[in-house]
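Below, read A as the first sequence line, B as the second, and so on, with proteins coming before strands; counting in each chain starts at 1.
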Amino acid sequence: MWLSLSNPYRWLKRSISSELSKVLSNACADPKTLTQLENIIEEPPKREFGDLSIHLARLSKLCDIPLENLTNLLTSSLEKLNLVEKVVVVGNYVNIFINYTVFSAQVLNTITSYDSRYGFIEDHVRKRVIVEYVSANPVHPLHLGSGRNAVLGDFLYRLNKFLGNEVQRRYYVNDVGLQAAFLAYGYYKLGFPDIPPSMKPDHYLGLVYAATTTIIDVLKLRKSLKEAEASGDLNKASELRSEIDSLMSDLGRLAEVIPNEVNVLAEKIASEEDPELEVLKILRGYERGEPEYLFVRRVCSRVIDGIKETLERMNTGIDVWDWESDLVWEGRVDEVLEKASSSSYFGFHKGAPALFFKNLLSTEELRKRLRIPEVLEVPPLILRRSDGTTLYTTRDIAYTLKKFREFSADEVINVIAIEQTLSQAQLRLALYALGYEKEAENLIHYSYEMVNLPGASMSGRRGRYVTVDELLKQLSEMVKNLMRERGSEVSDEQALKIARSAIKYTVLSVSPSKTLTVDLKRILDLKQNSGPYIQYTYVRARSVIEKAGNYSTGTIDYRRAGKEPIRTLILELSKFPEVISDVASSKQPEDLIAYANNLATIFNKFYESEPILREPDEGFRALKVAVTHGVLIVLRNFMEICGMDVLEKI
RNA sequence: GGGCCCGUAGCUCAGCUAGGACAGAGCGCCGGCCUUCUAAGCCGGAGGUCCCGGGUUCAAAUCCCGGCGGGCCCGCCA
């Protein structure tokens, strides 16, 4: 009963499959086949074949009934169902036509009664979920890669919320690490200058960071070059020279924006005997919490200020900011180290304390449980540097435990780039090895591929990146120009809302496992299969509903629902909860996007071909308005889940 | 060297987990539709060795094996 209330499409399939199981009960009594029966009911590739179809060969195999007996058995029994209009056999298929007088009433009633919760699934088990996302190093602004992360994480957050889960969003500020120390070193060498008021702090400090690391790398390479020249290794020398040239051109680009800083840094760092040792000193002092090194935190928090601003612009939020330094200073990392040292998996790798996973991984069952590929070899996890400072994954063990504990989380989702697959596997194994089996199992690495910009290679260390801020700015400008061409002005806010929604739609439309190629023009394509297309379709539907005023559902003539294109529209509307349910388990946003685009397209066809408000027949008009209202609700709920802005006008 | 991911129309991508009806969509290109509910729309057309080669099957883009091409990982970086 719950099901029929919340998920009309599932209800439809279940009604048919349970009828099937009745008919086939003598041959197909196994209860396991019941769900298989439901899966066997599919959709025909073309609308004119019917609403649902069953492939006879598959059914005959499943139930072990000869093909020729099946046909008559099925048609006669299914046609008795109230929900079924007719059954047609074509070749190897039984095609089912739904009775839309019955079905449309069910669908439309469900949608209006659930309204902003339509899509919500009643039998979903509620969970407490943490989404850790973005977590970009606090040394530069968010670039396109972090942008993809932010969009995906925000989507996971909103989807979980929609499903009725308790969700918390966390950002892990990685201020205890070499990157942060490099930035702090550079900023310190500059004498902690004020950030130019014309620049966002993350942008300015990102340049300082890039200049610092690039200068240090150049100095290192020059040293190697001298050695190569001295030893007469000409190949090596020319290789080094071209590498240096490339870095120098990066530096030249940085100098165009912050010339003084680049000059001062180049001079001061060059006069240093061993700049990298200085950086390590900062790292060590900061990790110990020594007061004279606390400037690291101050610098990082300026970058974080900038990042917060960007996230706000993306309409994305964080509930808890976790500073890695706090984790270390609170002694949580030491606890982990202590526990590890008494573990049976503990040992020394190249003289450094480490956890070894070879024994753990010999059982196939554990690999399965922890989602570690069958043949993947996992190297030992080194816990500490020889100088005593900790390493990222070690700190992440402590952090993961903190997340699970503080929120009593059932599940922790880490949205992290795909290149960290191995270290995330090590993390799960380490947790398991230390006795945190449940945590290891419920820690999910939600990975995504990198983002490409055609014809450009990106590197944070070199300052070669396109920032999310720039992307938003450019797209907003494009929106404004477009509107101007059409003779209407649009506010900055409206332009931003369209721009960021377009980005989100594009990012979510591509499977996270594929590299995303960003083409600015394409993101803002106002045509089909785009964010603006969905927003526009919603506005169209809204405009109709507004003008329709109050319509009484009592006057709806459901008998008119069997004709195209209303028929398809109703079937499509009925699927929304089913799509949500599938996406909730697969976590593939692209399926949700494809559904919404399809629904919008069908609605636009309907809108073009049929008068809605001008429909003379009152009952039919009420039906058309109700369907339009259904589209409105589904598109709105869709946009909420994707983090897109629901615009009332466009 | 080992592992993972990707390869489908000129471009960007669905479809592959659970094999089945002529392989789909958008962009771009060509041609139509605004005195009527928002034309950021709709209708029509052209465009494909599903990377290649084997195998399994009544049936393969989908499963298996072997290649080829691209990306990523195999750090006392994160």
Side-chain angles (χ1 to χ4, degrees), chain A residues 36 39-40 42 44-46 49 53 55-58 90-93 95 135-137 139 174 177-180 349-354 373-379 382-396 416-423 425 447 449-450 452 454 460-461 479 482-483 486 498 506 509-511 513-519 521-522 524-537 539-548 586 590-591 593-594 597-598 600-601 603-615 624-625 628 649-650:
Chain A
Q36 282 176 314
N39 290 334
I40 228 168
E42 53 192 356
K46 284 199 170 176
F49 292 159
S53 70
H55 190 249
L56 288 166
R58 271 181 78 187
V90 183
N92 251 331
Y93 289 88
N95 291 332
S135 295
N137 275 328
V139 295
N174 208 278
L178 283 170
Q179 276 81 352
H349 182 70
K350 297 178 185 167
E374 269 172 65
V375 279
L376 184 68
E377 269 187 57
V378 184
I382 292 175
L383 296 164
R384 235 187 228 283
R385 292 191 187 89
S386 310
D387 69 356
T389 54
T390 54
L391 285 155
Y392 175 79
T393 309
T394 314
R395 299 190 295 264
D396 210 3
I416 299 179
I418 197 165
E419 61 255 32
Q420 289 199 45
T421 301
L422 185 64
S423 75
S447 72
E449 264 284 0
M450 42 194 285
N452 274 340
R461 209 174 155 78
V479 171
L482 231 121
M483 296 299 278
R486 287 178 205 188
I498 294 172
T506 300
S509 71
V510 176
S511 160
S513 66
K514 294 206 185 195
T515 8
L516 177 66
T517 310
V518 170
D519 182 340
K521 270 177 277 161
R522 187 162 286 124
L524 211 65
D525 223 315
L526 307 175
K527 304 292 173 56
Q528 268 202 37
N529 206 4
S530 72
Y533 178 71
I534 302 291
Q535 287 174 316
Y536 176 73
T537 307
V539 168
R540 257 188 164 180
R542 200 191 124 82
S543 163
V544 171
I545 294 303
E546 224 169 43
K547 292 200 171 90
S586 74
E590 67 272 26
D591 297 345
I593 295 281
N597 182 55
N598 191 235
T601 304
F603 173 72
N604 279 320
K605 282 177 188 172
F606 162 72
Y607 180 93
E608 297 278 345
S609 67
E610 301 261 330
I612 301 170
L613 298 174
R614 280 172 286 110
E615 168 59 49
K624 286 176 171 178
V625 171
T628 304
K649 251 186 213 166
I650 207 161

Determine the interatomic distance between [atom1] on [N] and the same-named atom on [M]; round to the nearest Å.
N	M	atom1	result
B:G19	B:C50	C1'	15 Å
B:C34	B:G47	C1'	29 Å
B:C43	B:G48	C1'	24 Å
B:C58	B:G15	C1'	23 Å
B:G71	B:C33	C1'	45 Å
B:G3	B:A9	C1'	33 Å
B:C22	B:C5	C1'	32 Å
B:C51	B:G70	C1'	11 Å

Under 3.5 Å on both distances, the Watson-Crick or G-U partner of [N]:
N	result
B:C63	B:G55
B:G24	B:C13
B:C77	none
B:G44	B:C30

[X] has a side chain; which of [options] sits nearest to it?
X	options	value
A:Ile498	B:A40, B:G20, B:A14	B:A40
A:Phe49	B:C76, B:A39, B:A21	B:A21
A:Glu608	B:G26, B:C42, B:C13	B:C42
A:Leu422	B:C74, B:A25, B:C13	B:C74
A:Val510	B:C37, B:A78, B:C13	B:C13
A:Val90	B:A21, B:U38, B:C6	B:A21
A:Met483	B:U38, B:A40, B:C76	B:A40

Taking [atom1] from [X] and [atom2] from [N], how many angstroms apart are they, rounded to a whole number?
X	N	atom1	atom2	value
A:Tyr536	B:C37	OH	P	11 Å
A:Arg614	B:U35	CZ	C1'	12 Å
A:Leu376	B:G3	CG	P	10 Å
A:Gln535	B:U38	CD	C1'	14 Å
A:Phe606	B:U38	CZ	C1'	16 Å
A:Asn604	B:C42	CG	C1'	8 Å
A:Leu391	B:A78	CG	C1'	10 Å

Check whether the side chain of [X] and the base of [N] form a donor-acceptor pair under 3.5 Å.
X	N	result
A:Asn598	B:A14	no
A:Arg540	B:U38	no
A:Ser53	B:A21	yes

NA contact type, [X], heavy-atom cut-off 4.0 Å: base, sugar-phosphate, or nothing?
X	value
A:Glu610	base
A:Gln420	base
A:Ile612	base
A:Asp396	nothing
A:Thr421	nothing
A:Ile650	base
A:Val544	sugar-phosphate
A:Arg395	sugar-phosphate
A:Ala594	nothing
A:Ser423	base

Check the surroundings of atom CD in A:Glu42: do more than 12 heavy atoms from other residues, nucleotides or ligands lie under 6.0 Å from it?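 Enclosed.
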I want to check one thing: is the phosphate of [N], taken as OP1 and OP2, less than 4.0 Å away from some side-chain N or O of [X]?
X	N	answer
A:Arg385	B:A78	yes
A:Arg58	B:A59	no
A:Lys624	B:C37	no
A:Tyr533	B:A39	no
A:Lys605	B:C43	yes
A:Thr515	B:G71	no
A:Lys514	B:G71	no

So, do A:Leu422 and A:Pro379 sit near enough that their side-chain heavy atoms are less than 4.5 Å apart?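 In contact.
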A:Ile534 side chain near A:Ile593 side chain, heavy-atom distance below 4.5 Å: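 With C-beta onward as the side chain, the pair stays apart.
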Would you check if the side chain of A:Arg384 reaches a backbone N or O of A:Thr389 as a donor-acceptor pair within less than 3.5 Å?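 Side chain of A:Arg384 to backbone of A:Thr389, a donor-acceptor pair under 3.5 Å: no, none is there.
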Distance, nearest 0.5 Å, that separates CG of A:Leu178 from CG of A:Leu391: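 Between atom CG of A:Leu178 and atom CG of A:Leu391 there are 9.0 Å.
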Going by a 90° cut-off around 0, is B:C50 syn or anti?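 In terms of base orientation relative to the sugar, B:C50 is anti.
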